[in-house]
Amino acid sequence: MPPAIMFALQGVLVLHVDARRRSLDKVVSRLDLLKEGGRRTFLGPRPSGRPETPSRAFQRLGGEELRRCPGGAELVIALCGQGYRLALVAEEPAPEAAAALRSLGLDDAFDLILTADDVPEGRPSPVAHRAAARLLAHHPRACVAVENTPAGVAAAKAAGMRCVAVASMHGEADLGQADMVVGDVSDLLPSSFVRLIGRA
C-alpha cells in the first residue's frame, strides 16, 4: 500500500500572502473610502451589511491572484493517478483553502481536507497530522508530510511521520529536522515518497 501524503497549503501548493493583500486592496478600491481624523469609514453598500474582510474577499475573488508553487498541483495529480491517499492539512480557514484548491484545479484531488476550522490547534502541534492519519486509516509511520516551515516539520515529526520540507520560505538550515529538503515541489516524484518510507 502506498504511503499517505499530507500536504500543507501555504508555501507548498500556493503562495497567497500577496493575494490576500491585493484582495483587500480591491475591496477598498471598490468602495468610497473616507478618512476622518485618522479613522476610516466605508461609504456605500456592503455585502450582507457587513465589512468585507480580507478572508471573505479572497474567497469571493476565487483566489484569482494566487501564486502557484512550482510543481505542486502537478505532483498532487500524479499522486492521485497512482492511487496515493492524500490529505490537505491547512492552517487556513476552510473558505480560503477551498478557493485555493479551486484555483489550482484540485477541488476533488484530496481524500481528506482539514483546515483551521476543523483543528484550531495549529503547528507545531501534531494534532492535525495525527487526525489526518487516523481518518485515512494509515499509521503515522506510513505517512509523509510535505511542509515548508520549521513549525510544520516539527508537527509532522511529533506525529511520527516522515517529512519532506520545501524551502520556499525558509532556508535549509531552518528545516533540518525534516527527512528531506527540496528547493521546490517540482523536485519531487511519487517514487520519492516510497523511498522515504522505505528508509530504516
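Only a predicted model underlies this, so the values are computations on that prediction, with no experimental measurement involved.
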Checklist line | Any donor-acceptor pair under 3.5 Å from D117 side chain to P93 backbone | finding: no
Check: Is V164 reachable from V181 through a run of I, L, V, M, F, W or Y residues, each pair having side-chain heavy atoms under 4.5 Å apart?
Finding: no
Next item on the list: Determine, step by step, whether V89 and R123 satisfy the side chain to side chain contact (heavy atoms under 4.5 Å, CB included) criterion, reporting the C-alpha distance in whole Å, the side-chain angles of both residues, the deciding distance to 0.1 Å, and the verdict.
Entry: CA-CA 10 Å; V89 183; R123 296 158 172 83; 3.8 Å; yes
Item checked: Nearest non-hydrogen partners of A178 and V153, listed with the distance -> N-CG1, 3.5 Å
Check: Is there a side chain to side chain contact (heavy atoms under 4.5 Å, CB included) between M6 and L114 once you walk through the steps?
Finding: CA-CA 10 Å; M6 317 288 176; L114 294 179; over 6 Å; no
Next item on the list: Go through L13 and C69 one step at a time and tell me if the side chain to side chain contact (heavy atoms under 4.5 Å, CB included) criterion holds.
Entry: CA-CA 5 Å; L13 298 178; C69 291; 5.6 Å; no
Next item on the list: Tell me whether L75 is reachable from V182 by hopping between hydrophobic residues (I, L, V, M, F, W, Y) whose side-chain heavy atoms are closer than 4.5 Å.
Entry: yes
Note to self: Please check: side-chain N/O of S192 versus main-chain N/O of L189, any donor-acceptor pairing under 3.5 Å?
What the structure shows: yes
Checklist line | Separation of T149 OG1 from E91 CD (nearest 0.5 Å) | finding: 6.5 Å
Checklist line | Main-chain N/O of L86 paired to D111 side chain as donor or acceptor, under 3.5 Å | finding: yes
Next item on the list: Give the cluster check for L196 versus F7: same hydrophobic cluster or not, with ILVMFWY residues linked at side-chain heavy-atom distances below 4.5 Å.
Entry: yes
Check: Any idea which heavy atoms bring L136 and A87 closest together, and the distance?
Finding: CD1-CB, 3.8 Å
Note to self: Is it the case that over 12 heavy atoms from other parts of the model lie below 6.0 angstrom from the CG atom of D108?
What the structure shows: no
Just list the side-chain donor-acceptor pairs under 3.5 Å for residues 165-173, sequence neighbours left out, or say none.
{"from": "S168", "atom 1": "OG", "to": "G11", "atom 2": "O", "distance (Å)": "2.6"}
{"from": "S168", "atom 1": "OG", "to": "N148", "atom 2": "ND2", "distance (Å)": "3.3"}

Next item on the list: Write down the atom of A97, the atom of T115, and the distance for their closest heavy-atom approach.
Entry: CB-CG2, 3.9 Å
Notebook entry, point to check: With K157, which of C163, P126, P124 fulfils side-chain contact (heavy atoms from CB on, under 4.5 Å)?
Noted result: C163
Margin query: I need the minimum non-hydrogen distance between M161 and R130, along with the two atoms involved.
Written below: CE-N, 4.4 Å
Next item on the list: Indicate, with yes or no, if L188 and V194 share a hydrophobic cluster defined by side-chain heavy-atom contacts under 4.5 Å among Ile, Leu, Val, Met, Phe, Trp and Tyr.
Entry: yes
Notebook entry, point to check: Which heavy atom in A8 sits nearest to a heavy atom in E147, and how many Å separate them?
Noted result: CB-OE1, 3.6 Å
Note to self: With a 3.5 Å distance limit and no angle check, can you tell me whether Y84 reaches the backbone of I5 through a side-chain donor-acceptor pair?
What the structure shows: no
Note to self: Are L9 and V144 connected into the same hydrophobic cluster when the rule is that any two of I, L, V, M, F, W, Y join if their side-chain heavy atoms are below 4.5 Å apart?
What the structure shows: yes
Checklist line | Spacing of CD belonging to E92 relative to CD belonging to Q10, to within rounding of 0.5 Å | finding: 6.0 Å
Checklist line | Check: G198 main-chain N/O paired with R162 side-chain donor or acceptor under 3.5 Å | finding: no
Check: What are the two closest non-hydrogen atoms of I113 and D118, and how far apart are they?
Finding: O-OD2, 3.7 Å
Notebook entry, point to check: When rounded to the nearest 0.5 angstrom, what distance separates CZ in R68 from OG in S103?
Noted result: 5.5 Å
